[in-house]
Amino acid sequence: MLFNSFSYLVFLPIVVLLYWLVANKYRPLLLLIASYIFYSAWNPIYLILIVGMTLVNWIFGLLMAPAVRLRKPVLVAAIIFNLAILCYYKYVNFILNSIADCLNLLQFSGPGAASHLPDDWRVNVILPLGISFFTFEFLHYLIEVFKGGQAVKNPVKFAVFAAFFPTQIAGPIKRYQDFIHQLEQPSVFQIALLEKGFVMVLHGLAKKVLLADNLAIYVNHIYGAPGAATNLDLWLATYAFAFQVYCDFSGYTDVAIGSALMLGLNVPPNFNVPYMASNIRELWHRQHISLSNWFRDYVYFSLGGSRCSRGRIYLNLLITTALAGLWHGAAWHHVMWGLFQGLSLIVNREWMRFYEKIRWLKKFVQTKLWTVVAIFITFHAFCLSYVFFRADNNAIALHILGRMLRLWYAAPHGRPLFLSTQGPLVAPLVPLIIAALVIAQILSEYLRRNSFWAKTPRLLQAIYCAFLIFMMLTLMPDEAHRFIYFQF
Amino acid sequence: MPNKAIRALTCVPVLTLLVLLLVELWLRQGNPMDAIGIRNVDSWDIVSRINVSRKVCPQLALIGSSLMLVLNQDEHGSHFYTGDNPSYLGSLLRQVTGKEIKCINLSTGLQMVSEAYMVTEAACNNPCYPKVIIYGVSMRDFIQDALAAEWHTDSFNSVAPLVPVLARENVFSRQGADEFLASHFFYIYRNRTDFKNFFSVLAKNLIEIMPVDFYFPRLGPDHKWHQLKEGFLFEQWIPRKQEKFAEQMYHAHPEVLRDYYKTFQTMIYHKQYKQAPEVSNHYLLKLVQLCRRKGIVLVLVNMPLSPDTSKVVPATQMNGFRQFLSASEKAGNFYLIDLWGDAAFQDSDYKDGVHLNFSGAKKLADKIVNHLQVRYPAVLDVLKSGEQKDAL
């Protein structure tokens, strides 16, 4: 079930209504049933997978009670179990393809052999919805229980933690301690939360339908045939992609958080105006926050974190970010994207070490002027990394990057495609949309600090919400587009 | 009222619904986009014609594409694409039956069989409804794949609010059924493309201020689409403008109109089609079943094109289509008047090779009434009596 579908617009109010009508003790069960209905709407067969994994991980958690001698082996077994399932569904063909490429490179498969999987090597597997997210939640739970956290004895509440429908498919990745604690407290209906959740859901849908889907039209037009585009188009499409991903994913998160709020439940925030970050480290504290925190806590810290030599720290960063890239997609260009983040973090650390030694420079980086420059550099560095994320493979990504970096050659073939009426209608409007989004990013921090929305009269809020609904109906594409992070 | 109840009734979700309800009510009052010349869900004004039909209770209704709309026109070319009254046909029927036969034209441009069915459902969703329906068909109505999906047609969504909700069961596709329901209940949904067209016009005008390569295509004074600064954008091309334009072109440059429609027909008949026939046959069957259930006499007219334009229609395909119609007639589904290739219709009877001019439309009316008199007098009896007929 897509969030931006008619089914969800019927499903959510029904669940919210039933949730507040049933007695407190039955609410977790209701949420579980609703979550399983939500999951099975995509493919009922895969319900067996999430139910099975939930049961096994619940048992693993109980087995790691402090008194049990075999906690560590149980943890290891549990991690292998979860990662094996994730690797099978998500990475098996990537692994086999990579082996085939290596064999081809070493010419074991004979000269002239094509570097693709023979048909009998390829595994026909459909990636189960949300597997990357709920697997990471299971791993988080198991590791925290191993560290001394309390195992969840109630199977229903544990199952709700994993399957909770607002966050089931694309996060945010929840922390079990916070979430289970909320399930255990009696929830009281608060109309203010319902209103806040309602507005967030609409905001999220509007970001997706009005912004992300329309920017995607131009991005697909350019990245679909980069050879025909000018360098200026490549830059504009890359900016557009950065905002498409942001609007798509933060839109999804808004719907998830808003839906949870309507049920009186809080889930962690996932975005905090990331493109206003003044360095890459801050950006990853503002972008996909729950995933960054997960990789920090369970990969980076496990490798030693920052408590090692400089060289080792940098290696830890590269490994962590490469794995984060791989999480985003089973392809080498995603790994490259991750490594780009790692390199950016290393550059940032080196820069910090450098300016710490020079007094006037240290003073200068604390000025507002430097903040603006830093935001500009950080955003552009991140956009350049997105070329790897969006392009079909590394070769195309490098080609596009090479053209983009030749700034003096903005329009070698004449007129940019975005200044043409022969392409998609949205293309000439993309610069205006991006400019508006940049202004929105700048304003949103200010508005949030001043509690702008909370102070707006309810009637005005309602008119705004009605306007959003009307605009979404008017400008939505004919077929619903999936959220980018839908099948992770 | 307790504070909690007031707070609940004035919460943001409830107020949002109220605002949307006000917008819904406003949209149900009329057709705001049509008033400002923007292409809209009811550009063919079929809703008001069905409402007229419900008030007037005509004995005869015409359905079909713009090929049937021509029966409305007068000698000046007015109501070539608009209006609801086929006055000459009405006068002929008065002559042959000796009674005043009220007729209404419920045809719409590019009408597919799915629309014909929905229009009939809407017209019959009333205590009184037509006793006879004359349906002008062409092979295009059955094969144009671009319009195979019901919700892509010009009139499917516009008549949805007037069609009984149970007709949803007869919609061919699941998506079509969902679209029907959404348009049936919510004008906000039904009319959404109107506002999309409005914003599209605004966007195009804004974009043309920028240093773009070309203007957007507009219909120029020569009735051709060029990249022009002045003229009609597609989103502004509505039937009443088309009608005026067609009349001007007919007198000034008739060859331009003929070439345009010949090219259009060539494109349709020489394109591969996959979905449309299955969908169309489904709706033809539903239309037949509806007429049987309501005791309505259904007469199908296989419409003629001009001899020159007919050449672009593949003969084998057309023969197959005519055999299909003939077999359906023998099965008792409807009366058939096959005017394809009728020598009476010459090139000079057409405005543009596809749509009959005033004298051609009169010939068409003569032919229809003549066929009814000679071959199907029972149909005229039904019109005269004003009673429903049980079966053919």
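Convention: sequence-line order gives letters A, B, ...; per-chain numbering from 1. From a predicted model like this one, the values you see are computed outputs, not experimental measurements.
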Check whether A:Q461 reaches the backbone of B:V12 with its side chain - one donor and one acceptor, N or O, closer than 3.5 Å.
no
Heavy-atom pairs under 4.5 Å with chain A, option from B:L206, B:V14, B:L17, B:I207 with the top count:
B:I207
If you measure from CD on B:E208 to OG1 on A:T421, what distance do you get to the nearest 0.5 Å?
7.5 Å
What is the minimum heavy-atom distance between B:P13 and A:E195, and which atoms define it?
CD-CG, 3.9 Å
Can you tell me how far NZ of B:K196 sits from CE of A:M476, rounded to the nearest 0.5 angstrom?
8.5 Å
Where do A:L473 and B:F186 land on the side chain to side chain contact (heavy atoms under 4.5 Å, CB included) test, with the steps shown first?
CA-CA 11 Å; A:L473 279 173; B:F186 305 112; over 6 Å; no
Residues from residues 213-220 of chain B approaching chain A under 4.5 Å (heavy atoms)
B:D213, B:F214, B:Y215, B:F216
Do B:Q227 and A:Q422 come within less than 4.5 Å of each other through their side chains, counting heavy atoms only?
yes
Heavy-atom neighbours of B:E169 CD exceed 12 at 6.0 Å:
no
State whether the number of non-hydrogen atoms from other residues, nucleotides or ligands found under 6.0 Å of B:F245 atom CZ is greater than 12.
yes
Taking B:T10's backbone N and O only, do any of them form a donor-acceptor pair with A:R458's side chain (distance below 3.5 Å, no angle check)?
yes
Report, in residue-number order, which members of residues 426-440 of chain A are under 4.5 Å from chain B by heavy-atom distance.
A:P428, A:L429, A:L432
Is it the case that atom NZ in B:K241 sees more than 12 heavy atoms from other parts of the structure closer than 6.0 Å?
yes
Please identify each residue that fulfils ring pair (Phe, Tyr, Trp, His ring centres under 6.0 Å) with A:F467, with sequence neighbours left out.
none
How many angstroms lie between CZ in A:F470 and CG in B:L20, if you round to the nearest 0.5 Å?
9.5 Å
Between B:A182 and chain A, which part of the residue has a heavy atom less than 4.5 Å away: side chain, backbone, both or neither?
neither
Might you confirm whether atom CD1 of A:I45 has over 12 heavy atoms from other residues, nucleotides or ligands at distances under 6.0 Å?
no
For the residue pair A:S420 and B:V212, establish whether any side-chain heavy-atom pair is separated by less than 4.5 Å.
no
Supply the atom-to-atom distance B:S200 OG to A:L425 CG, rounded to the nearest 0.5 angstrom.
5.0 Å
Nearest 0.5 angstrom please: A:F418 CZ to B:M210 CE, how far?
6.5 Å
Those residues that, when tested against A:Y239, pass ring pair (Phe, Tyr, Trp, His ring centres under 6.0 Å) (two or more places apart):
A:W235, A:F379, A:H380
Could you have a look at A:L202, A:I191, A:V199 and say which one has the most heavy-atom pairs with chain B under 4.5 angstrom?
A:I191
If you count heavy-atom pairs under 4.5 Å between each of B:I188, B:L18, B:V23, B:L22 and chain A, which one has the most?
B:I188
For the residue pair B:F199 and A:T474, establish whether any side-chain heavy-atom pair is separated by less than 4.5 Å.
yes
If you count heavy atoms of other groups shown closer than 6.0 angstrom to CZ of A:F189, is the number above 12?
yes
